[in-house]
Amino acid sequence: MKKTLLAAVLFAASFASTAQWAVFDAPNFSQNLLTAARELQQIDNQVQQLQNEAQMLTNQGRNLKSLDVNTLSQLLATLSSTNQLIARAQGLTFNVAQSQATFARLYPQTYGASTSSSQMLQDVQARWQASVVALQTATQVQSQSAQNLLADQGTLGTLVTQSQGAAGALQATQATNQLLALLARQAIQAQQLQITQDRATALEQARQAATQAQSVQVRARFVGNGPQYTPSSVDFYGN
């Protein structure tokens, strides 16, 4: 009897153990594990995408960051200083209408017989003064240009440093634009210098031409309208 009961217990235990192993579903477990891995990969991809978007926003912020250096006011100031020198220049003005009227009066192509000697003398002095002032203006503009070049060296170094260390596209573009503005200002300054030098040269040439025209009238007055002098031999000893 005891042997039969023991056998029944062992059989029941064996059956229970076999039934417990039969409940575990390995394929389902593998599928669940694979699904979890895929979800984890998706989460990782989403995290990576968010990091990329954050980096993109950071880069956009750098590209939109403005340049801290602005040299435009300095460039305009140096350009204005040269313009003021030209505007303060005495003598023949740079105004088109006024300069034409003054030039026609001081540098006539011919002098009429009715022009007084005092008027011609005044014109000579006025032409000489205009040439001196034109040369003085050209010299002042040259000196101002030399001073501007010293300032341009510092400006150029600052802009190149800012361009090389630009944090984004906007800063690089702004630095480049300011470099172009510096080149434009120097080109305008070169034109200003050329204008003053050409003015001095033109007035000097006009002065020489007017002097020749005046010499013709002076010579005509000296000779007069009477009979011209005819050279002849003179006998001092009665021979």
Side-chain angles (χ1 to χ4, degrees), residues 72 74-156 180-234 236:
L72 181 60
Q74 179 182 353
L75 297 178
L76 292 177
T78 55
L79 187 62
S80 176
S81 62
T82 308
N83 286 331
Q84 291 176 2
L85 287 177
I86 297 177
R88 291 198 304 263
Q90 302 297 320
L92 195 65
T93 178
F94 283 90
N95 181 275
V96 177
Q98 295 179 2
S99 64
Q100 288 179 345
T102 305
F103 190 88
R105 179 177 61 84
L106 293 181
Y107 304 91
Q109 295 181 355
T110 59
Y111 273 95
S114 61
T115 306
S116 64
S117 299
S118 60
Q119 181 62 49
M120 288 192 292
L121 179 60
Q122 291 178 6
D123 291 347
V124 170
Q125 294 176 344
R127 289 193 292 268
W128 174 81
Q129 184 66 27
S131 295
V132 171
V133 170
L135 291 172
Q136 182 182 9
T137 302
T139 302
Q140 290 175 344
V141 173
Q142 288 174 349
S143 300
Q144 183 65 52
S145 299
Q147 293 181 1
N148 292 344
L149 288 177
L150 293 177
D152 290 346
Q153 291 180 0
T155 303
L156 180 61
L180 293 177
L182 174 60
L183 294 177
R185 206 273 303 153
Q186 290 180 338
I188 294 174
Q189 179 179 275
Q191 291 179 347
Q192 293 172 329
L193 179 59
Q194 188 66 42
I195 287 173
T196 56
Q197 291 176 339
D198 290 345
R199 166 61 64 89
T201 302
L203 290 183
E204 180 59 23
Q205 293 175 349
R207 186 186 69 83
Q208 295 176 4
T211 300
Q212 292 178 354
Q214 181 178 335
S215 299
V216 172
Q217 181 58 222
V218 171
R219 187 181 303 106
R221 294 182 183 184
F222 176 77
V223 173
N225 297 323
Q228 301 296 322
Y229 170 77
T230 303
S232 61
S233 61
V234 177
F236 291 98

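When the side-chain hydrogen bond (donor to acceptor under 3.5 Å, both in side chains) test is applied to Ser114, no partner is found at least two apart in sequence or on another chain. When the side-chain hydrogen bond (donor to acceptor under 3.5 Å, both in side chains) test is applied to Thr78, the partners found at least two apart in sequence or on another chain are Arg185. Evaluation of the side-chain contact (heavy atoms from CB on, under 4.5 Å) rule for Gln140 yields Leu85, Gln136 as partners, not counting sequence neighbours. Residues satisfying the ring-ring contact (aromatic ring centres under 6.0 Å, His included) test with Tyr111, not counting sequence neighbours, are none.
Looking at heavy atoms from C-beta onward, Leu79 lies in side-chain contact with Gln192 at the 4.5 angstrom threshold. Residues Thr82 and Asn148 are in side-chain contact: their nearest non-hydrogen atoms beyond the backbone lie under 4.5 Å apart. At a threshold of 4.5 Å between non-hydrogen side-chain atoms, the residues Thr155 and Gln74 count as touching. At a threshold of 4.5 Å between non-hydrogen side-chain atoms, the residues Gln186 and Asp152 count as touching. Using a 4.5 Å heavy-atom cutoff, the side chains of Tyr107 and Thr102 are not in contact. Side-chain contact between Met120 and Ser116 is absent, with no heavy-atom pair separated by less than 4.5 Å.
In this structure, the separation between CG on Leu149 and CD on Gln144 is 10.5 Å, given to the nearest 0.5 Å. Interatomic distance, Gln125 CD to Gln129 CD, rounded to the nearest 0.5 Å: 9.5 Å. How far OG of Ser81 is from CD of Gln189: 7.5 Å, rounded to the nearest 0.5 Å. Distance check, rounded to the nearest 0.5 Å: OG1 of Thr137 to CG of Leu193 gives 12.0 Å. For the atom pair OG (Ser80) and CG (Leu75), the distance works out to 12.5 Å, reported to the nearest 0.5 Å. Thr110 OG1 to Gln212 CD: the interatomic distance, rounded to the nearest 0.5 Å, is 13.5 Å.
Listed here is the closest heavy atom pair of Pro108 and Ala213: O-CB, 4.0 Å. When every heavy atom of Ala134 is checked against every heavy atom of Leu203, the shortest pair comes out as CB-CD1, 3.7 Å.
Side-chain atoms of Ser145 come within 3.5 Å of backbone atoms of Val141 as a donor-acceptor pair (strictly under, hydrogens ignored).
Residues in residues 207-216 take part in these salt bridge (charged side-chain N to carboxylate O under 4.0 Å, His left out) pairs, two or more places apart or across chains: Glu204-Arg207. Judged as a salt bridge (charged side-chain N to carboxylate O under 4.0 Å, His left out), not a single pair has a partner in residues 125-150 (not counting sequence neighbours).
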